[in-house]
2 protein chains.
Amino acid sequence: MSSQSPTAADLIANHGGRVTRTRVAVVDALDASDHPLTHDEVAANLSEADVPHDRVTLYRALDWLVDKGIAHRVAGSDRAWRYGIVREAPHQHAHFHCSRCGNVFCLEQVQPAFAIALPGGYQLDRAELILHGVCPSCLLTVHAEPTPPGPR
Amino acid sequence: MSSQSPTAADLIANHGGRVTRTRVAVVDALDASDHPLTHDEVAANLSEADVPHDRVTLYRALDWLVDKGIAHRVAGSDRAWRYGIVREAPHQHAHFHCSRCGNVFCLEQVQPAFAIALPGGYQLDRAELILHGVCPSCLLTVHAEPTPPGPR
DNA sequence: TTCATAATGCAACATTGTAGCGTTAACTGT
DNA sequence: ACAGTTAACGCTACAATGTTGCATTATGAA
Ligand SMILES: [Mn+2]
Ligand SMILES: [Mn+2]
Ligand SMILES: [Zn+2]
Ligand SMILES: [Zn+2]
């Protein structure tokens, strides 16, 4: 779907995977979204595009994409993972959780690259920074509607 | 159980709640632990102390404690909440997730108080900093046992 | 002691995700 | 173009974590 960036099929094939209906549709769905989607949101997306799919297959497709580094996974505060296309080499940035619409946004500008003074004895692998608040689009409607689209 | 700090019963009563068997036992369990516990771990703790309890009541007791600010809740990467006693006024510090034993530790020394440059349009309420790695006690046994106690 | 109701205990249900396993279809090699 | 291999699918069952409804209990107050 993207112009000069590799197609979904190429992305999948280049990682040694078989190009299947569900995988292609998932990559396209994640790529078209400006924020990471839950399994359920991806499923709804596929249904809307009339792509037949199975719940479990969808879980496995998402897992595979994450495993290959094509997508990344962010924990939501509603204990549902969000999946997003990896747009920068090493996916390392903060995430913003909107408490109003429940959406998660990648803040590629905000990198948790500060020196962390660990108490000692701890071996640090990775830092995860999650910002909670209200997203721009919710701020615009915060005075109008009481509970816009999303869950929670 | 603590000496000069308020007893569990007092803590509960002072927040306008009824002092019940389960609530007292939960507060004691959380207070005795050096790290936040899952619902399941608290349940095991109560069982060990021969405190009869119900699964749902336990969930409700934990929710109530969080609501009153007596306990705080940390999201685990295994999508099970961890509950810990609030030991400092406003609970605001980083948490360490051990990828080996699965335990979560409160790092009261590490406060995410850096100025975050948000992309604009976002309204920040709260920053959550989660550090992933191996905890001190796991580091000691990392060469001996393959998979010590905890889950995941 | 009595009373109002907060809190409990139980059963049923919801959500998110996994495991097993027979079947299908995507690629490979000819 | 065809056949064979096997990755991936699709289905059913199951697991883990948490929630909802409602009748019953027992806490704290009068
Ligand atoms: Mn991201
Ligand atoms: Mn903490
Ligand atoms: Zn929002
Ligand atoms: Zn550990």
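Below, chain A is the first sequence line, B the second, and so on; all start at residue 1.
Arg21(A) meets the salt bridge (Lys or Arg N to Asp or Glu O under 4.0 Å) test with no other residue; sequence neighbours excluded.
Rounding to whole angstrom units, CG of residue Asp63(A) and C1' of dA7(D) are separated by 15 Å. Between Ile12(B) atom CD1 and dG28(D) atom C1' there is a gap of 14 Å when expressed in whole angstrom units. Between the CZ atom of Arg82(B) and the P atom of dG18(D) there is a distance of 9 Å, given to the nearest Å. Rounded to an integer number of Å, the gap from Leu46(B) CG to dT8(C) P is 12 Å. Between the CZ atom of Arg23(B) and the C1' atom of dA6(C) there is a distance of 8 Å, rounded to whole Å. For Tyr59(A) and dG20(C), the OH to C1' distance is 18 Å, given to the nearest whole Å. Protein atom NZ of Lys68(B) is 13 Å distant from nucleotide atom C1' of dA7(C), rounded to whole Å. Distance Trp64(B) CH2 to dT27(D) C1': 13 Å, rounded to the nearest Å.
Remark: aromatic rings of His95(B) and His35(B) are distant, center separation not under 6.0 Å.
When only modelled atom types and interatomic distance are considered, Glu128(B) and His132(A) share a side-chain donor-acceptor pair under 3.5 Å.
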Item to check | Contact letters for nucleotides 21-30 of chain C, in which S counts primed atoms plus P, OP1 and OP2 and B counts the base, heavy atoms under 4.0 Å | outcome: ----BBS---

Using a cutoff of under 3.5 Å, can you pull out all pairs of nitrogen or oxygen atoms linking the protein to nucleotides 12-16 of chain D, with atom names and distances?
none

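Other members of the hydrophobic cluster containing Ile130(A), listed by chain and number, are Ile130(B); membership follows side-chain contacts under 4.5 Å among ILVMFWY residues, whether direct or relayed.
Salt bridge Asp31(A)/Arg87(A): present, at least one basic N to carboxylate O contact under 4.0 Å.
Side-chain atoms of Thr38(A) do not come within 3.5 Å of backbone N or O of Ala80(A) as any donor-acceptor pair. Arg23(B) contributes a side-chain N or O that, together with a main-chain N or O of Arg18(B), makes up a donor-acceptor pair within less than 3.5 Å.
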Only pairs under 3.5 Å count here: list side-chain donor-acceptor contacts from residues 45-60 of chain B, not counting sequence neighbours, and write none if there are none.
residue, atom, partner, partner atom, Å
Ser47(B), OG, Ala43(B), O, 3.1
His53(B), ND1, Val51(B), O, 2.8
Asp54(B), OD2, Val56(B), N, 2.9
Asp54(B), OD2, Thr57(B), N, 3.1

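Between dT17(D) and Trp81(B), no contact under 4.0 Å exists linking OP1 or OP2 to a side-chain N or O. Checking the phosphate oxygens (OP1, OP2) of dG9(C), a side-chain nitrogen or oxygen of Thr57(B) falls inside 4.0 Å.
Helix bend of the helix from dT1(C)-dA30(D) to dT30(C)-dA1(D): the angle between its two end axes, each built from five pairs, comes to 40° after rounding to 10°.
Using a 30° and 60° split on the angle between ring planes, Phe96(B) and Phe105(B) fall in the tilted class, from 30° to 60°.
Put simply, Leu131(B) and Val74(B) are part of two different groups of oily side chains (I, L, V, M, F, W, Y) that touch within less than 4.5 Å, one to the next.
Across His97(A) and Gly76(A), no two heavy atoms sit closer than the pair CE1-CA, 3.7 Å.
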